[in-house]
2 protein chains.
Amino acid sequence: MNELIHLKSAGLKSTVPRLKVLSLFESGNDRHLSAEDVYKKLLASGDDVGLATVYRVLNQFEQAGLLVKHHFEGDKSVFELNQGEHHDHIVCLQCGRVEEFYDATIELRQKKAAAERGFAVHDHSLYIYANCIKPQCLYKS
Amino acid sequence: MNELIHLKSAGLKSTVPRLKVLSLFESGNDRHLSAEDVYKKLLASGDDVGLATVYRVLNQFEQAGLLVKHHFEGDKSVFELNQGEHHDHIVCLQCGRVEEFYDATIELRQKKAAAERGFAVHDHSLYIYANCIKPQCLYKS
DNA sequence: TTGTTAATGCTAATCATTCTCATTTGTAAT
DNA sequence: ATTACAAATGAGAATGATTAGCATTAACAA
(Lines give C-alpha, C1' and ligand atoms only; values in the text may rest on other atoms or scores of the structure.)
Protein backbone atom coordinates (compact mmCIF):
# COMPACT_ATOMS: atom_id res chain seq x y z
CA MET A 1 0.00 0.00 0.00
CA ASN A 2 0.94 3.48 -0.93
CA GLU A 3 0.52 5.07 2.48
CA LEU A 4 3.12 2.88 4.07
CA ILE A 5 5.76 4.03 1.66
CA HIS A 6 4.90 7.66 2.26
CA LEU A 7 5.20 7.28 5.99
CA LYS A 8 8.47 5.39 5.81
CA SER A 9 10.10 7.81 3.44
CA ALA A 10 8.94 10.64 5.65
CA GLY A 11 10.76 9.07 8.53
CA LEU A 12 7.56 8.35 10.38
CA LYS A 13 6.75 5.11 12.08
CA SER A 14 3.74 3.48 10.48
CA THR A 15 0.98 3.43 13.08
CA VAL A 16 -2.71 2.80 12.85
CA PRO A 17 -3.87 6.40 13.39
CA ARG A 18 -1.34 7.73 10.94
CA LEU A 19 -2.37 5.29 8.24
CA LYS A 20 -6.01 6.12 8.73
CA VAL A 21 -5.50 9.85 8.56
CA LEU A 22 -3.33 9.58 5.52
CA SER A 23 -5.69 7.34 3.60
CA LEU A 24 -8.52 9.70 4.43
CA PHE A 25 -6.70 12.40 2.53
CA GLU A 26 -5.65 10.06 -0.23
CA SER A 27 -9.20 8.85 -0.76
CA GLY A 28 -9.70 12.28 -2.23
CA ASN A 29 -13.33 12.73 -1.29
CA ASP A 30 -12.54 16.03 0.34
CA ARG A 31 -9.32 17.78 -0.40
CA HIS A 32 -9.57 20.30 2.42
CA LEU A 33 -10.12 19.04 5.95
CA SER A 34 -9.79 20.58 9.39
CA ALA A 35 -8.63 18.57 12.39
CA GLU A 36 -12.23 18.44 13.54
CA ASP A 37 -13.33 17.19 10.12
CA VAL A 38 -10.76 14.42 10.19
CA TYR A 39 -11.72 13.46 13.72
CA LYS A 40 -15.40 13.24 12.89
CA LYS A 41 -14.84 11.31 9.70
CA LEU A 42 -12.72 8.75 11.51
CA LEU A 43 -15.29 8.36 14.26
CA ALA A 44 -17.99 7.99 11.63
CA SER A 45 -16.13 5.11 10.02
CA GLY A 46 -15.86 3.43 13.37
CA ASP A 47 -12.18 4.20 13.77
CA ASP A 48 -11.43 5.26 17.27
CA VAL A 49 -8.70 7.88 17.42
CA GLY A 50 -8.26 10.69 19.89
CA LEU A 51 -8.62 14.29 18.84
CA ALA A 52 -5.22 15.12 20.26
CA THR A 53 -3.69 12.44 18.11
CA VAL A 54 -5.37 13.85 15.06
CA TYR A 55 -3.81 17.23 15.75
CA ARG A 56 -0.43 15.69 16.37
CA VAL A 57 -0.52 13.57 13.26
CA LEU A 58 -1.67 16.42 11.06
CA ASN A 59 1.17 18.61 12.26
CA GLN A 60 3.72 15.87 11.82
CA PHE A 61 2.48 15.31 8.31
CA GLU A 62 2.80 18.98 7.61
CA GLN A 63 6.35 19.03 8.95
CA ALA A 64 7.14 15.99 6.85
CA GLY A 65 5.76 17.70 3.78
CA LEU A 66 2.92 15.25 3.24
CA LEU A 67 0.26 17.85 3.94
CA VAL A 68 -0.04 21.58 3.55
CA LYS A 69 -1.80 23.70 6.13
CA HIS A 70 -4.00 26.66 5.30
CA HIS A 71 -5.61 29.34 7.41
CA PHE A 72 -8.79 30.31 5.68
CA GLU A 73 -10.48 33.39 7.14
CA GLY A 74 -10.37 33.43 10.87
CA ASP A 75 -10.70 30.35 12.98
CA LYS A 76 -9.75 26.76 12.26
CA SER A 77 -7.06 25.67 9.86
CA VAL A 78 -7.46 23.11 7.11
CA PHE A 79 -5.05 20.63 5.61
CA GLU A 80 -4.69 19.24 2.15
CA LEU A 81 -2.52 16.64 0.48
CA ASN A 82 0.77 18.06 -0.76
CA GLN A 83 0.98 17.12 -4.39
CA GLY A 84 4.02 19.11 -5.22
CA GLU A 85 2.62 22.02 -7.16
CA HIS A 86 1.84 25.12 -5.18
CA HIS A 87 -1.52 26.75 -5.77
CA ASP A 88 -3.74 29.41 -4.30
CA HIS A 89 -7.37 29.20 -3.20
CA ILE A 90 -10.73 30.74 -3.87
CA VAL A 91 -13.22 30.13 -1.08
CA CYS A 92 -16.95 30.69 -1.42
CA LEU A 93 -18.23 32.57 1.59
CA GLN A 94 -21.68 31.03 1.28
CA CYS A 95 -21.25 27.35 0.56
CA GLY A 96 -17.62 26.87 1.46
CA ARG A 97 -16.66 25.55 -1.96
CA VAL A 98 -12.90 25.72 -2.41
CA GLU A 99 -11.35 26.05 -5.83
CA GLU A 100 -7.65 25.93 -6.49
CA PHE A 101 -5.78 27.94 -9.05
CA TYR A 102 -2.30 28.80 -10.13
CA ASP A 103 -1.19 31.91 -11.91
CA ALA A 104 2.43 32.14 -12.94
CA THR A 105 2.26 35.89 -13.39
CA ILE A 106 1.01 36.39 -9.86
CA GLU A 107 3.78 34.20 -8.51
CA LEU A 108 6.37 36.06 -10.46
CA ARG A 109 5.22 39.49 -9.43
CA GLN A 110 5.14 38.46 -5.80
CA LYS A 111 8.74 37.43 -5.91
CA LYS A 112 9.58 40.65 -7.63
CA ALA A 113 7.72 42.82 -5.14
CA ALA A 114 9.53 41.12 -2.29
CA ALA A 115 12.95 41.34 -3.88
CA GLU A 116 12.54 45.04 -4.61
CA ARG A 117 11.91 45.66 -0.94
CA GLY A 118 14.78 43.62 0.42
CA PHE A 119 13.03 40.36 1.22
CA ALA A 120 13.71 36.79 0.20
CA VAL A 121 10.38 35.00 -0.14
CA HIS A 122 10.01 32.03 2.12
CA ASP A 123 6.37 31.32 1.64
CA HIS A 124 3.17 33.07 0.74
CA SER A 125 -0.54 32.62 0.96
CA LEU A 126 -3.22 34.04 -1.27
CA TYR A 127 -6.86 33.50 -0.45
CA ILE A 128 -9.68 34.96 -2.46
CA TYR A 129 -12.95 35.13 -0.59
CA ALA A 130 -15.83 35.22 -2.99
CA ASN A 131 -19.36 34.20 -3.78
CA CYS A 132 -20.33 31.50 -6.21
CA ILE A 133 -22.14 32.83 -9.21
CA LYS A 134 -23.68 29.45 -9.99
CA PRO A 135 -27.19 28.79 -8.67
CA GLN A 136 -26.21 25.57 -6.94
CA CYS A 137 -24.57 27.71 -4.31
CA LEU A 138 -27.62 28.24 -2.16
CA TYR A 139 -26.84 25.89 0.64
CA LYS A 140 -24.40 26.31 3.44
CA SER A 141 -21.63 23.73 3.70
CA MET B 1 -9.63 66.90 16.89
CA ASN B 2 -9.69 64.58 14.01
CA GLU B 3 -10.70 61.46 15.86
CA LEU B 4 -13.97 62.91 17.00
CA ILE B 5 -15.05 63.53 13.45
CA HIS B 6 -14.14 59.99 12.44
CA LEU B 7 -16.17 58.49 15.23
CA LYS B 8 -19.18 60.67 14.60
CA SER B 9 -19.27 60.02 10.90
CA ALA B 10 -18.89 56.32 11.61
CA GLY B 11 -22.03 56.48 13.70
CA LEU B 12 -20.13 55.71 16.88
CA LYS B 13 -20.59 57.49 20.15
CA SER B 14 -17.42 59.28 21.15
CA THR B 15 -16.15 57.61 24.30
CA VAL B 16 -12.85 57.75 26.10
CA PRO B 17 -11.64 54.25 25.18
CA ARG B 18 -12.60 54.72 21.56
CA LEU B 19 -10.77 58.00 21.28
CA LYS B 20 -7.67 56.53 22.84
CA VAL B 21 -7.58 53.52 20.58
CA LEU B 22 -8.15 55.59 17.52
CA SER B 23 -5.47 58.12 18.31
CA LEU B 24 -3.06 55.28 18.98
CA PHE B 25 -3.48 54.17 15.40
CA GLU B 26 -3.43 57.72 14.09
CA SER B 27 -0.20 58.50 15.91
CA GLY B 28 1.31 56.25 13.30
CA ASN B 29 4.15 54.87 15.39
CA ASP B 30 3.09 51.34 14.56
CA ARG B 31 0.81 50.67 11.66
CA HIS B 32 0.03 47.08 12.59
CA LEU B 33 -1.23 46.30 16.06
CA SER B 34 -2.90 43.33 17.67
CA ALA B 35 -5.53 43.67 20.38
CA GLU B 36 -2.90 42.71 22.89
CA ASP B 37 -0.51 45.32 21.52
CA VAL B 38 -3.14 48.03 21.82
CA TYR B 39 -4.03 46.94 25.31
CA LYS B 40 -0.44 47.01 26.49
CA LYS B 41 0.32 50.34 24.88
CA LEU B 42 -2.68 51.91 26.56
CA LEU B 43 -1.73 50.50 29.92
CA ALA B 44 1.81 51.75 29.41
CA SER B 45 0.57 55.28 28.84
CA GLY B 46 -1.43 55.06 32.04
CA ASP B 47 -4.75 54.74 30.28
CA ASP B 48 -6.89 52.20 31.97
CA VAL B 49 -9.06 50.30 29.53
CA GLY B 50 -10.21 46.71 29.72
CA LEU B 51 -8.98 44.11 27.28
CA ALA B 52 -12.55 43.21 26.39
CA THR B 53 -13.20 46.80 25.48
CA VAL B 54 -10.17 46.87 23.26
CA TYR B 55 -11.46 43.85 21.37
CA ARG B 56 -14.92 45.37 21.10
CA VAL B 57 -13.65 48.71 19.91
CA LEU B 58 -11.32 47.20 17.35
CA ASN B 59 -14.10 45.14 15.87
CA GLN B 60 -16.47 48.07 15.79
CA PHE B 61 -13.85 50.13 14.05
CA GLU B 62 -13.39 47.39 11.53
CA GLN B 63 -17.12 47.20 10.90
CA ALA B 64 -17.21 50.95 10.56
CA GLY B 65 -14.40 50.82 8.05
CA LEU B 66 -11.93 52.77 10.15
CA LEU B 67 -9.60 49.81 10.54
CA VAL B 68 -8.73 46.77 8.50
CA LYS B 69 -8.10 43.41 10.12
CA HIS B 70 -5.44 40.99 8.98
CA HIS B 71 -4.63 37.42 9.91
CA PHE B 72 -0.93 37.00 9.57
CA GLU B 73 0.33 33.44 9.86
CA GLY B 74 -1.47 31.56 12.53
CA ASP B 75 -2.62 33.04 15.76
CA LYS B 76 -3.52 36.60 16.62
CA SER B 77 -4.94 39.13 14.20
CA VAL B 78 -3.61 42.62 13.66
CA PHE B 79 -5.36 45.84 12.73
CA GLU B 80 -4.24 48.83 10.74
CA LEU B 81 -5.71 52.17 9.86
CA ASN B 82 -7.88 52.03 6.77
CA GLN B 83 -6.53 54.66 4.45
CA GLY B 84 -8.59 53.80 1.48
CA GLU B 85 -6.16 52.08 -0.81
CA HIS B 86 -5.99 48.32 -0.55
CA HIS B 87 -2.58 46.74 -0.30
CA ASP B 88 -0.93 43.43 0.43
CA HIS B 89 1.75 42.59 2.98
CA ILE B 90 5.22 41.16 3.22
CA VAL B 91 6.09 39.95 6.69
CA CYS B 92 9.60 39.14 7.84
CA LEU B 93 9.63 35.86 9.70
CA GLN B 94 12.63 36.89 11.77
CA CYS B 95 12.12 40.44 12.91
CA GLY B 96 8.45 40.90 12.20
CA ARG B 97 8.95 43.86 9.89
CA VAL B 98 5.86 44.43 7.79
CA GLU B 99 6.06 46.06 4.41
CA GLU B 100 3.06 46.98 2.31
CA PHE B 101 2.81 46.80 -1.42
CA TYR B 102 0.31 47.06 -4.21
CA ASP B 103 0.53 45.42 -7.59
CA ALA B 104 -2.18 46.21 -10.09
CA THR B 105 -1.37 43.20 -12.21
CA ILE B 106 -1.77 40.85 -9.29
CA GLU B 107 -5.11 42.40 -8.42
CA LEU B 108 -6.29 42.11 -11.96
CA ARG B 109 -5.30 38.51 -12.40
CA GLN B 110 -6.97 37.56 -9.16
CA LYS B 111 -10.24 38.97 -10.33
CA LYS B 112 -9.80 37.18 -13.60
CA ALA B 113 -8.98 33.83 -12.01
CA ALA B 114 -12.09 34.09 -9.86
CA ALA B 115 -14.38 35.13 -12.68
CA GLU B 116 -13.19 32.29 -14.88
CA ARG B 117 -14.20 29.83 -12.19
CA GLY B 118 -17.62 31.25 -11.45
CA PHE B 119 -16.86 33.42 -8.45
CA ALA B 120 -17.46 37.07 -7.69
CA VAL B 121 -14.61 38.34 -5.57
CA HIS B 122 -15.66 39.71 -2.24
CA ASP B 123 -12.33 40.10 -0.63
CA HIS B 124 -8.86 38.67 -0.74
CA SER B 125 -5.72 38.47 1.29
CA LEU B 126 -2.18 38.00 0.13
CA TYR B 127 0.60 37.60 2.62
CA ILE B 128 4.18 37.00 1.67
CA TYR B 129 6.26 35.48 4.44
CA ALA B 130 9.89 36.22 3.90
CA ASN B 131 13.25 37.03 5.39
CA CYS B 132 14.87 40.42 5.39
CA ILE B 133 17.99 40.53 3.31
CA LYS B 134 19.29 43.59 5.14
CA PRO B 135 21.69 43.00 8.04
CA GLN B 136 19.64 45.04 10.49
CA CYS B 137 17.27 42.13 10.62
CA LEU B 138 19.01 40.23 13.34
CA TYR B 139 16.73 40.99 16.24
CA LYS B 140 13.31 39.60 16.98
CA SER B 141 10.47 42.09 17.21
C1' DT C 1 9.23 -12.99 21.91
C1' DT C 2 10.93 -9.40 24.27
C1' DG C 3 12.47 -4.69 25.46
C1' DT C 4 12.86 -0.09 24.50
C1' DT C 5 11.19 3.96 22.61
C1' DA C 6 7.99 6.43 20.41
C1' DA C 7 2.95 6.97 19.79
C1' DT C 8 -1.61 7.18 21.62
C1' DG C 9 -5.60 8.71 24.28
C1' DC C 10 -7.31 10.88 28.02
C1' DT C 11 -7.75 15.14 30.50
C1' DA C 12 -6.21 19.40 31.91
C1' DA C 13 -4.03 23.57 30.35
C1' DT C 14 -3.35 27.50 27.21
C1' DC C 15 -4.29 31.33 24.15
C1' DA C 16 -6.98 34.41 21.72
C1' DT C 17 -11.34 36.05 21.65
C1' DT C 18 -16.24 36.63 23.04
C1' DC C 19 -19.99 36.81 26.36
C1' DT C 20 -22.45 38.25 30.70
C1' DC C 21 -23.91 41.48 33.59
C1' DA C 22 -23.62 44.90 37.02
C1' DT C 23 -21.91 49.66 36.89
C1' DT C 24 -20.70 53.90 34.53
C1' DT C 25 -20.82 57.32 30.90
C1' DG C 26 -22.37 60.05 26.74
C1' DT C 27 -26.02 62.68 25.09
C1' DA C 28 -30.35 64.43 23.81
C1' DA C 29 -34.20 66.43 26.01
C1' DT C 30 -35.73 69.01 29.96
C1' DA D 1 -27.10 72.58 34.31
C1' DT D 2 -29.94 68.22 35.37
C1' DT D 3 -32.16 64.29 34.31
C1' DA D 4 -33.10 59.99 32.15
C1' DC D 5 -31.99 56.19 29.36
C1' DA D 6 -29.72 53.71 26.17
C1' DA D 7 -25.31 52.43 25.00
C1' DA D 8 -20.54 51.51 26.52
C1' DT D 9 -17.32 49.77 29.83
C1' DG D 10 -14.71 46.57 32.91
C1' DA D 11 -13.91 42.37 35.26
C1' DG D 12 -14.19 37.89 35.06
C1' DA D 13 -16.41 33.71 33.35
C1' DA D 14 -17.10 31.12 29.14
C1' DT D 15 -15.84 29.42 24.58
C1' DG D 16 -13.38 27.21 20.81
C1' DA D 17 -9.30 25.75 18.79
C1' DT D 18 -5.09 23.81 19.79
C1' DT D 19 -1.32 21.94 22.78
C1' DA D 20 0.88 19.78 26.92
C1' DG D 21 1.42 16.17 30.51
C1' DC D 22 1.40 11.62 31.66
C1' DA D 23 0.18 6.92 32.24
C1' DT D 24 -0.77 3.11 28.98
C1' DT D 25 -0.09 0.79 24.61
C1' DA D 26 1.76 -0.46 20.29
C1' DA D 27 5.92 -0.52 16.60
C1' DC D 28 9.88 -2.68 15.47
C1' DA D 29 14.71 -4.07 15.96
C1' DA D 30 17.38 -7.53 18.29
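Numbered from 1 within each chain, the chains take letters A, B, ... in sequence-line order.
- Screening residues 107-130 of chain A for salt bridge (charged side-chain N to carboxylate O under 4.0 Å, His left out), with sequence neighbours left out, gives A:Arg109-B:Asp103.
- For B:Leu51, the side-chain contact (heavy atoms from CB on, under 4.5 Å) partners are B:Glu36, B:Tyr39, B:Tyr55, not counting sequence neighbours.
- Between B:Arg18 atom CZ and D:dG10 atom C1' the separation is 14 Å, expressed in whole Å.
- Axis orientation changes by 30° from one end of the helix from C:dT1-D:dA30 to C:dT30-D:dA1 to the other, with each end axis drawn from 5 pairs and the value rounded to 10°.
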Using a cut-off of under 3.5 Å, enumerate the N/O to N/O pairs linking the protein to nucleotides 24-30 of chain D.
{"from": "D:dC28", "atom 1": "OP1", "to": "A:Ser14", "atom 2": "N", "distance (Å)": "3.3"}

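- Taking atom CG on A:Leu7 and atom C1' on C:dT8, their separation rounds to 15 Å, with Å as the unit.
- B:His89 and B:Glu99 share no side-chain donor-acceptor pair at under 3.5 Å.
- Salt bridge present: B:Asp30 and B:Lys41 bring a charged side-chain N and a carboxylate O closer than 4.0 Å.
- Atom CG of B:Leu43 is separated from atom P of D:dT9 by 16 Å (rounded to the nearest Å).
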Would you tabulate the pairs of protein nitrogen or oxygen atoms and nucleotide nitrogen or oxygen atoms of nucleotides 9-18 of chain C closer than 3.5 angstrom?
{"from": "C:dG9", "atom 1": "OP1", "to": "A:Asp48", "atom 2": "O", "distance (Å)": "3.0"}
{"from": "C:dG9", "atom 1": "OP2", "to": "A:Gly50", "atom 2": "N", "distance (Å)": "3.1"}
{"from": "C:dG9", "atom 1": "OP2", "to": "A:Thr53", "atom 2": "OG1", "distance (Å)": "3.0"}
{"from": "C:dG9", "atom 1": "N7", "to": "A:Arg56", "atom 2": "NH2", "distance (Å)": "2.5"}
{"from": "C:dG9", "atom 1": "O6", "to": "A:Arg56", "atom 2": "NH1", "distance (Å)": "3.2"}
{"from": "C:dA16", "atom 1": "OP1", "to": "B:Lys76", "atom 2": "NZ", "distance (Å)": "3.0"}
{"from": "C:dT17", "atom 1": "OP1", "to": "B:Ser77", "atom 2": "N", "distance (Å)": "3.1"}
{"from": "C:dT17", "atom 1": "OP1", "to": "B:Ser77", "atom 2": "OG", "distance (Å)": "2.8"}
{"from": "C:dT17", "atom 1": "OP2", "to": "B:Tyr55", "atom 2": "OH", "distance (Å)": "2.6"}
{"from": "C:dT18", "atom 1": "OP2", "to": "B:Asn59", "atom 2": "ND2", "distance (Å)": "3.1"}

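- Applying the side-chain contact (heavy atoms from CB on, under 4.5 Å) criterion to A:Val16, with sequence neighbours excluded, gives A:Lys20.
- Looking only at side-chain heavy atoms (C-beta outward), B:Phe25 and B:Leu81 come within less than 4.5 Å of each other.
- Side chains of B:Glu100 and B:His86: a donor-acceptor N/O pair is absent below 3.5 angstrom, by distance only.
- What separates CG of A:Leu22 from P of C:dA7 is a distance of 16 Å, to the nearest Å.
- Here the side chains of A:Asn82 and A:Leu67 are not in contact, with every heavy-atom distance at 4.5 Å or above.
- The number of heavy-atom neighbours closer than 6.0 Å to NE2 of B:His87, taken from other residues, nucleotides and ligands shown, is above 12.
- The aromatic rings of B:Tyr127 and B:Phe72 stand perpendicular to each other, their planes meeting at an angle above 60°, with 30° marking the opposite boundary.
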